There are 2 protein chains.
Amino acid sequence: MDAAIHLAGRLEPRDAWRADRCAMARTLDVVRTKSAMLVLREAFYGATRFDDFVARTEASEPVVAGRLRELVAAGLLEHVDYRNPGERTRKGYRLTDKGADLFPVLAALMQWGDRWLGDQSSGVRLEHHGCGEPVAVTLRCAAGHGVTSGEVDLAIDRSSPRSPYAAR
Amino acid sequence: MDAAIHLAGRLEPRDAWRADRCAMARTLDVVRTKSAMLVLREAFYGATRFDDFVARTEASEPVVAGRLRELVAAGLLEHVDYRNPGERTRKGYRLTDKGADLFPVLAALMQWGDRWLGDQSSGVRLEHHGCGEPVAVTLRCAAGHGVTSGEVDLAIDRSSPRSPYAAR
DNA sequence: CGGCATCCTTAGGGATACTG
DNA sequence: CAGTATCCCTAAGGATGCCG
């Protein structure tokens, strides 16, 4: 409840936020649509082929084709041709490091949904490989402390031009 | 790169994914638009008043009004009337616990943008209150281990009806 | 199999003007 | 200050059919 209070404790609004510099907004410009998220979800779940993406995301072919093209162009997916023994060569898509690094975003969305929209279980759980314990998205500082949302401060880089929130 | 491989190691696609049960997809239905994310960002940054949301998100008034209404209806924001000493009463919005718990999602988006779209610094950094060290979004299992994306297994709840990915 | 072309509908969002 | 009302444009996405 006081998450915002803590976060904003030292800040005073002055200029309008520079949307073009906000990392979150720019990330949303890369994966702005729900269908892009669903395609990425299926890439994480192991889909590689066009038809699998279509079937699993339950989106239409033109939409999936568009997302795949955009995600490849953005460098989140890459083409791979592969062949199962005895079968013909197939075209596929695979997460790049850049795409794979989006996993915490997907995991955080998943976790929030399971926690707050829990009228029905999603039926999927993330586990630590080998250990078997459930995996959660957490905040942690460089000193190794677990951090709650209420313990986060917003630090503004004053050297950057037109700092969005100048201290009073 | 092998994030998907690890994640999908034990899985075989069979049925189409049940979109209505996926926690991630349902979360995206609550905060599907970029403007909703921007409004939430500003709520975390301390905005409370309508005009502040409009100015800081750089969205139009009708859009902000719509998002605020929807986010209140969804239980992520709540109305608060407050009064600064000597001023008149103002109407405001505040994050609920449900809304505040979305912070890891926003933080993860921010972190990815700073890491992969880093042509220009966002000028904002998250710090651990008191400690001062930068805060990161991490994966961690219940046993306390740090977990990388490649070490995540997907566990399917077989008891649920029409499990989306049945093991072979 | 792995798409693209076309057409259509709905959702998201800006601009402007107005109101309690 | 805190919004609504109206109008209009663009983006997202489904359905269908075709194609190398």
Side-chain angles (χ1 to χ4, degrees), chain A residues 13 16-17 19-20 22 24-26 28-43 47-74 77-84 86-94, chain B residues 13 16-17 19-20 22 25-43 47-74 77-84 86-94:
Chain A
W17 180 262
D20 56 318
C22 171
M24 195 200 72
R26 291 191 296 147
L28 289 174
D29 284 336
V30 176
V31 287
R32 78 154 53 255
T33 65
K34 187 179 171 181
S35 54
M37 289 292 202
L38 298 183
V39 166
L40 287 171
R41 180 193 70 190
E42 292 309 325
T48 56
R49 283 162 39 211
F50 180 81
D51 283 6
D52 284 341
F53 283 107
V54 172
R56 295 191 192 179
T57 61
E58 294 185 321
S60 65
E61 289 166 357
V63 166
V64 171
R67 289 314 143 261
L68 289 172
R69 203 182 326 109
E70 293 164 10
L71 291 171
V72 168
L77 296 179
E78 61 187 359
H79 289 281
V80 277
D81 286 356
Y82 64 100
R83 170 180 6 203
N84 290 335
E87 298 180 10
R88 65 178 183 73
T89 301
R90 293 166 184 274
K91 300 192 168 191
Y93 298 86
R94 184 174 55 181
Chain B
W17 179 265
D20 57 317
C22 171
R26 290 191 296 146
T27 300
L28 288 174
D29 284 336
V30 176
V31 287
R32 76 153 56 255
T33 65
K34 187 179 171 184
S35 55
M37 289 290 201
L38 298 184
V39 165
L40 288 171
R41 180 194 68 188
E42 292 309 326
T48 56
R49 284 161 38 210
F50 180 80
D51 283 8
D52 284 341
F53 283 108
V54 172
R56 295 191 190 179
T57 60
E58 295 185 320
S60 66
E61 290 166 356
V63 167
V64 171
R67 287 317 143 256
L68 288 172
R69 206 181 324 110
E70 292 164 12
L71 290 170
V72 168
L77 296 179
E78 61 187 359
H79 289 280
V80 276
D81 286 356
Y82 64 98
R83 170 179 6 201
N84 290 336
E87 298 179 11
R88 64 178 185 72
T89 303
R90 295 164 182 275
K91 299 193 168 190
Y93 298 86
R94 184 173 56 181

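In this text the structure is predicted, and so the values were computed from the model without any measurement. Proteins come first, then strands; the chains are lettered A, B, ... in the order of their sequence lines, and each starts at number 1.
Side-chain contact check for A:Tyr93 versus A:His79: some heavy-atom pair is nearer than 4.5 Å.
Between C:dG3 and A:Arg69, no contact under 4.0 Å exists linking OP1 or OP2 to a side-chain N or O.
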Could you run down the sub-3.5 Å N/O contacts of the protein with nucleotides 18-20 of chain C?
none

What are the atom names and distances for every N/O pair under 3.5 Å that joins the protein to nucleotides 5-8 of chain C?
none

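Distance CZ (B:Phe53) to C1' (C:dG13): 18 Å, rounded to an integer number of Å. Between A:Arg56 atom CZ and C:dG2 atom C1' the separation is 16 Å, expressed in whole Å. For the pair A:Arg67 CZ and C:dG2 C1', the interatomic distance rounds to 17 Å; values are reported in whole Å.
The stretch residues 27-36 of chain B touches DNA chain C through B:Arg32, B:Thr33, B:Lys34, B:Ser35, each having a heavy atom within less than 4.0 Å of the strand.
With sequence neighbours left out, the salt bridge (charged side-chain N to carboxylate O under 4.0 Å, His left out) criterion links B:Asp51 to no other residue. When the side-chain contact (heavy atoms from CB on, under 4.5 Å) test is applied to A:Val30, the partners found at least two apart in sequence or on another chain are A:Ala74, A:Leu76, B:Trp112, B:Leu117. Partners of A:Arg69 according to the salt bridge (charged side-chain N to carboxylate O under 4.0 Å, His left out) rule, which considers only residues two or more places apart in sequence or in another chain, do not exist here. With sequence neighbours excluded, the residues that form a side-chain contact (heavy atoms from CB on, under 4.5 Å) with B:Val80 are B:Arg94. Residues satisfying the ring pair (Phe, Tyr, Trp, His ring centres under 6.0 Å) test with A:Phe53, not counting sequence neighbours, are none. Legend: residues meeting side-chain hydrogen bond (donor to acceptor under 3.5 Å, both in side chains) with B:Arg67, ordered by chain and number and at least two apart, are B:Thr33, B:Ser35, B:Glu70. Residues meeting the side-chain hydrogen bond (donor to acceptor under 3.5 Å, both in side chains) test with B:Arg90, sequence neighbours left out: B:Glu87.
In summary, contact between chain A and DNA chain D, defined as any nucleotide atom under 4.0 Å from a heavy atom of the protein, begins and ends at D:dA12 to D:dG17 in the 5' to 3' direction.
The shortest heavy-atom contact between B:Arg41 and A:Ala25 is NH1-CB, 4.4 Å. Pairing each heavy atom of A:Arg83 with each of A:Thr89, the nearest pair is CZ-OG1, 3.5 Å. Of all heavy-atom pairs spanning B:Asp52 and B:Ala47, the tightest one is CB-CB, 4.2 Å.
One finds the OG1 atom of A:Thr48 at 10.5 Å from the CG atom of A:Asp81 (value rounded to the nearest 0.5 Å). With values rounded to the nearest 0.5 angstrom, A:Cys22 atom SG is found 11.5 Å from B:Met37 atom CE. Atom OG1 in A:Thr57 sits 10.5 Å away from atom NZ in A:Lys34 (nearest 0.5 Å).
Look at A:Arg32 and A:Asp29 and you find a salt bridge, because one of the NZ, NE, NH1 or NH2 atoms lies within 4.0 Å of a carboxylate O, short of that distance.
Judged by closest nucleotide on DNA chain D, B:Asp51 is the one of B:Gly66 and B:Asp51 placed further toward the 5' end.
For the helix from C:dC1-D:dG20 to C:dG20-D:dC1, the axis fitted to the five pairs at one end and the axis fitted to the five pairs at the other end meet at an angle of 50° (nearest 10 degrees).
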